[in-house]
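Remarks on the structure that follows.
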Amino acid sequence: MEDNTNNIVLAIVVITSVSWSAFVVSTTAAVDCTTITALISACSSFVRYGLPDPIPGSPCCIAMTSLNNMGDTSDNRRGVCRCMMDLITTYNPNATAIATLPGFCGVSLGFTIDPNTDCE
């Protein structure tokens, strides 16, 4: 029975990974804050409650990697930065949790998630 559970969990992780990859490939043409918000929503438990810590390979970290991939040009990175600054302003009580996501996931977005960051 445990083998079946492990296989189901593995299948879910693979399907989620492929889904996120397809999602990012279809949205890399332009940075859209709605897309970024959707990606961050994969980390909603951590952002809201501080638990569980995101770990590389988790849906949250896969989303952070996708977010990093969206910043493939200087213009796109500025767009990602602006959207992230809007998110931490909107969700101010959760700003610290949002700011720690890249570090937990081993991703460098190329800017610091901080209200004082100049995205230009």
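When reading the values below, keep in mind they use all heavy atoms of this one structure, side chains included, and skip hydrogens, waters and symmetry mates.
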Qualifying residues under salt bridge (charged side-chain N to carboxylate O under 4.0 Å, His left out), relative to Arg82, sequence neighbours excluded: Glu120
Flag side-chain contact, heavy atom, 4.5 Å: Ser45 against Pro52: yes
Pairwise distance CD1(Ile98) to SG(Cys43) - rounded to 0.5 angstrom: 9.5 Å
side-chain contact (heavy atoms from CB on, under 4.5 Å) involving Ser74 - partner list, sequence neighbours excluded: Arg77, Arg78
Thr117 vs Ile113, side-chain contact (heavy atoms from CB on, under 4.5 Å): CA-CA, chis, key distance, verdict: CA-CA 7 Å; Thr117 296; Ile113 301 174; over 6 Å; no
Heavy-atom side-chain proximity of Met85 to Asp114 below 4.5 angstrom: no
Interatomic spacing from CG in Leu101 to CG in Asp53 - rounded to 0.5 Å: 10.0 Å
Heavy-atom check, side chain of Cys83 versus side chain of Thr37, under 4.5 Å: no
Heavy-atom pair with the smallest gap, counting every atom of Ala99 and Pro102: O-CD, 3.5 Å
Heavy-atom pair of closest approach, residues Leu39 and Met70: CD1-SD, 3.6 Å
From Asn69 atom CG to Asn76 atom CG, the distance as rounded to the nearest 0.5 Å: 11.5 Å
Sidechain-backbone polar pair: Asn68 side chain, Val107 backbone, donor-acceptor under 3.5 Å: no
Trace of the disulfide bond (SG atoms under 2.5 Å apart) decision for Cys60 with Cys105: CA-CA 8 Å; Cys60 176; Cys105 296; 4.6 Å; no
Polar side-chain atom of Ser41 near backbone of Ser44 as donor-acceptor pair, under 3.5 Å: no
Side-chain heavy atoms of Thr35 within contact of Leu67, under 4.5 Å: no
Pairwise ring-ring contact (aromatic ring centres under 6.0 Å, His included) hits with a residue in residues 67-109, at least two apart: Phe46-Phe104
Side-chain touch Ile36/Asp32, heavy atoms, less than 4.5 angstrom: no
side-chain contact (heavy atoms from CB on, under 4.5 Å) between Val80 and Phe111, worked out: CA-CA 10 Å; Val80 169; Phe111 58 88; 3.9 Å; yes
Separation of Ile40 CD1 from Asn94 CG (nearest 0.5 Å): 11.5 Å
Any donor-acceptor pair under 3.5 Å from Ser58 side chain to Pro54 backbone: no
